[in-house]
Amino acid sequence: MKNLLDDNRPIFLQIKEQLEDSIIDGSIKPGERVPSTNEFAAFYNINPATAAKGINELVAEEILLKKRGVGMFVTENAKEILVEKRKKTFYENYMLPLISEAKKLEISADELLEMIKRGNEE
């Protein structure tokens, strides 16, 4: 877990994103238990309800599975769900504006691909 939270963003979202990042990068694996709301609350000195809000969103998205009295666990297909969600967000937030700007500048698809390849080599 990161030690610092950004005061400019909702805490529950930061907790949710930290868990998502840990699942995507493999530091938390399918079937593993994640920290509880009380553990997050104690670590960050926040209200347990705040931590619960981020965790409950992940339960609703089928990223985490709640086992009553035992804790929250990463589902078997959590990483795939998260990667697909992030790809969609990446496309909407980065690719669509990039394509739009390329059209304005009359950059062809081939030129754009060449720019991407060149940037990937650097």
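- Enclosure of atom NZ in Lys103 is not indicated, since only 12 or fewer non-hydrogen atoms of other residues, nucleotides or ligands lie within 6.0 angstrom.
- Counting non-hydrogen atoms of other residues, nucleotides and ligands closer than 6.0 Å to CG of Asn93 gives a total above 12.
- With a 4.5 Å cut-off on side-chain heavy atoms, Ile28 and Gln18 do not count as touching.
- Through ILVMFWY side-chain contacts below 4.5 Å, Leu113 is grouped with nothing and stands alone.
- In the hydrophobic cluster analysis, where Ile, Leu, Val, Met, Phe, Trp and Tyr join through side-chain heavy atoms closer than 4.5 angstrom, Val74 is grouped together with Ile15.
- Note on residues 67-116: pairs passing ring-ring contact (aromatic ring centres under 6.0 Å, His included), not counting sequence neighbours, are Phe90-Tyr94.
- Judged by distance alone, with hydrogens and angles left aside, the side-chain atoms of Lys53 form no donor-acceptor pair with the main-chain N or O of Thr50 at under 3.5 Å.
- Of the possible donor and acceptor atoms, none in the side chain of Thr75 sits under 3.5 Å from a partner among the backbone N and O of Leu64.
- Remark: the backbone N or O of Arg9 is paired with a side-chain donor or acceptor of Gln14 at under 3.5 angstrom.
- Between Arg118 and Glu114 there is no salt bridge, since no side-chain N of the basic residue sits under 4.0 Å from a carboxylate O of the acidic one.
- Contact of the Asn56 side chain with the Thr37 side chain is not registered, since no non-hydrogen atoms from C-beta on lie closer than 4.5 Å.
- Inspection of the Ser36 and Asn38 side chains reveals no N or O donor paired with an N or O acceptor under 3.5 Å.
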